[in-house]
Amino acid sequence: MIEAPIKTVHAVCPHDCPDTCSMLIAVDTLTGRAVKVAGDPDHPITRGFLCVKVNNYLDWTYNEKRVLSPQRRVGPKGPGARWERISWDEALATVAARIEATIAEYGAEAVLPYSYSGTLGTLGFGSMSERVWNKMGASRLARTICSAAGAAGYTATLGRAGGTDPEAFPDARLILVWGSNPVTSHVHLVPFLDEARRHSAMLIVIDPRRTRTARRADWHIQPRPGSDAALALAMMQVIVAEGLHDRDWIAAHTLGFEHFQERLQDYTPEQVAPITGLDPQTIRELARLYATCQPAAIRINYGLQRHTNGGMMVRTVACLPALVGAWKHPSGGMLLSTSAEVPFNMEALTRPDLLTGRAPRTINMIQLGEALTDPTLTPPVKLLFIYNADPANSNPDSAMTRAGLARDDLFTVVHDPFFTDTASYADILLPSTTQLEHLDLHKAYGHYYVSLNQPAIAPMGESVSNTELFRRLAAALGYDDACFRDSDEALVDQALASDDPRLAGITREALMARGWMRLNLPGTPHHPHADGHFPTPSGKVEFYSQQLAAAGFDPLPVHVPLVEGPETAGLYKRFPIQLVTPSAHHFLSSSFGAVLRLAHLEHRPTIELHPDDAAPRGIRTGDRCRVWNARGECQLYALVDATLVRPGVAMSPMNWWGSLVPGGLNANATTSQREADMGHGATFYTNLVEVARLDA
């Protein structure tokens, strides 16, 4: 028997994760079918392995829930929607006609594009699509649902959301993983953490939940959700009071230390203990370890900032490395994101000049439910175009979001690979390719490599990429500018067309040959701020921020109580459980919900409770529970364990498809559309609920 010849194609994981893994796709050249997905062993970060989610990527691509042709909904919107197949010509003509009619009656701002990180490919995330919306003058979407508050707080302190090279972590003596769970959501950092520990580094995890990462740590510290700024301030109070700070580095490279030192007097460990729920001695020991075990690195991610005080919390934690001079060392400092170092030519891709001076209104994506149900919004949103997103499951206050999606007078287009819960509200559903079926260019926010995803297989059925969809839509709308005919190869070239030395030598041709290339940064590992300069207005780390003062914030780091939390007495009495909804291990937001193998591994939607909270409610592990507040309710299965969460705190891994769980809604039925303190970010984790047993 002759084995089929196999070719190997370089690809990139497109999902919303810091790792942006380099993948190798084995394709049977006789059938054109992908037969294996593996991590690239030569990539310095991927190192030959993939996460449990992407290991099952063939189940994602070859999935019975794939949308393989354009569909028109017949019958009511919502769960159980029924469809009839139509041609691409009919679909595009229908969509174009509705867009033109909407603009004629209400104006272009009545059209709202809604998209986010279903793919983080530079082309698919926003290139040809942005050209179409700019030409049209449609409403803008503030893409704030993930990282906006933390990026704003971090930037206010350090100038941009860059940080320590992950490849430097093995040389650290102490690593604080703060509000992050790399084993689930940054797994390719874990080998670097393990290598550091083999070199005798200490790993400390600060997280309200005993995560998979916390179980591997030398020390796990569990503060109350939303109290991280108070904890960081108390640590810094100890460091300064005991003379453990780096006076010379502070004098040369920071601004406002004298004012900051005065502020710290209000945050002794004894004063902070009731806020954080931590023993004062725990705070002192943590502070001393951090100050004396240099170089020390801090890895934060975006969970920390999903609170009403999230921007200020990240801003405050970001002051710690400056206090002890950790930035002096390549393996010291802090990592939030590396993407700020990637200077793709986004203006060439998105073409803001097509707006021709117009400034359309902006709608915050986390408030989609409010925007769709607000009778005073002028003009109303009459046409919604969704791609790279599943707001029915992923948005806060999902009951209101779904109520808006269900409006009879709202025309909705969805472009997606799957019949998602959001797709059930569409009038027209268009089939999208997966990552194995199109070309795209990728940067990362967890390392310093640029990658090119090359198509491994032909598009399934009649599916098309985001770029091809918007090329076709532009033609249907009569947009005849030459830029709407640019190929994907041309778009990649335009993104890389830059005089910035960090992209020198990085071309499409070079990326096609190798798959990935490192940015041209000094040193491997890269040592950011080696010269002590920071891209803030002062050129220094800003303990005191005039920018924040001008925007109405406290210019100094401060603990701000949560809008919903133990310090809001009346509400806390009615809803005494702080519910936090971190990433599920086997899903990525709502992506991979269609992969039954992963749904079985995730088992069922749970709520983790401490026995002190479960016992008085008569709840035992396995019981189905009602979880509710004034916004809505969902049904989750109890997991009672004293080691997972502290009393008064509950955890529910996020974004199960509502259609797969009891009651039809996930935990986002209880979360708020309220904005965070900075960046208009989301506040998923500032969420008080009550829990009751439904049945055993």
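These numbers come from a predicted model, not from an experiment.
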Close side-chain approach of Thr568 to Pro561, heavy-atom, < 4.5 Å:
no
Heavy-atom side-chain contact between Thr536 and Glu542 under 4.5 Å
yes
Show every salt bridge (charged side-chain N to carboxylate O under 4.0 Å, His left out) that has at least one partner inside residues 419-431, sequence neighbours left out.
Arg73-Asp427, Lys77-Asp427, Arg402-Asp421
Using the rule given for ring-ring contact (aromatic ring centres under 6.0 Å, His included), can you reason through Tyr387 versus Phe470, listing the C-alpha separation, both sets of side-chain angles and the distance that settles it, and then say yes or no?
CA-CA 11 Å; Tyr387 52 105; Phe470 286 100; 5.1 Å; yes
Just by modelled atom types, is the Met128 backbone N or O under 3.5 Å from a matching donor or acceptor in the Arg351 side chain?
no
What residues form a ring-ring contact (aromatic ring centres under 6.0 Å, His included) with Phe484, not counting sequence neighbours?
Tyr479
Between Val649 and Pro225, the two heavy atoms sitting closest are CG2-CD, 3.6 Å
Can you list the residues that meet the side chain to side chain contact (heavy atoms under 4.5 Å, CB included) rule with Asp408, with sequence neighbours excluded?
none
For Thr338, check side chain to side chain contact (heavy atoms under 4.5 Å, CB included) against everything at least two apart and list the hits.
Leu335, Tyr448
Would you say Arg574 has more than 12 foreign heavy atoms packed within less than 6.0 Å of its CZ?
no
For residues 150-161, please give each side-chain donor-acceptor pair under 3.5 Å, one per line with the distance, not counting sequence neighbours.
unit_1	atom_1	unit_2	atom_2	d
Tyr154	OH	Gly162	O	2.8
Tyr154	OH	Met334	O	3.3
Thr155	OG1	Ala151	O	2.7
Thr157	OG1	Gly153	O	3.4
Thr157	OG1	Arg315	O	3.2
Thr157	OG1	Arg315	NH1	3.0
Arg160	NH2	Glu341	OE2	2.9

Among pairs that include at least one residue of residues 86-99, which meet side-chain hydrogen bond (donor to acceptor under 3.5 Å, both in side chains), considering only residues two or more places apart or in two chains?
Arg72-Glu90
Does the separation of the ring centres of Phe592 and His15 fall below 6.0 angstrom?
yes
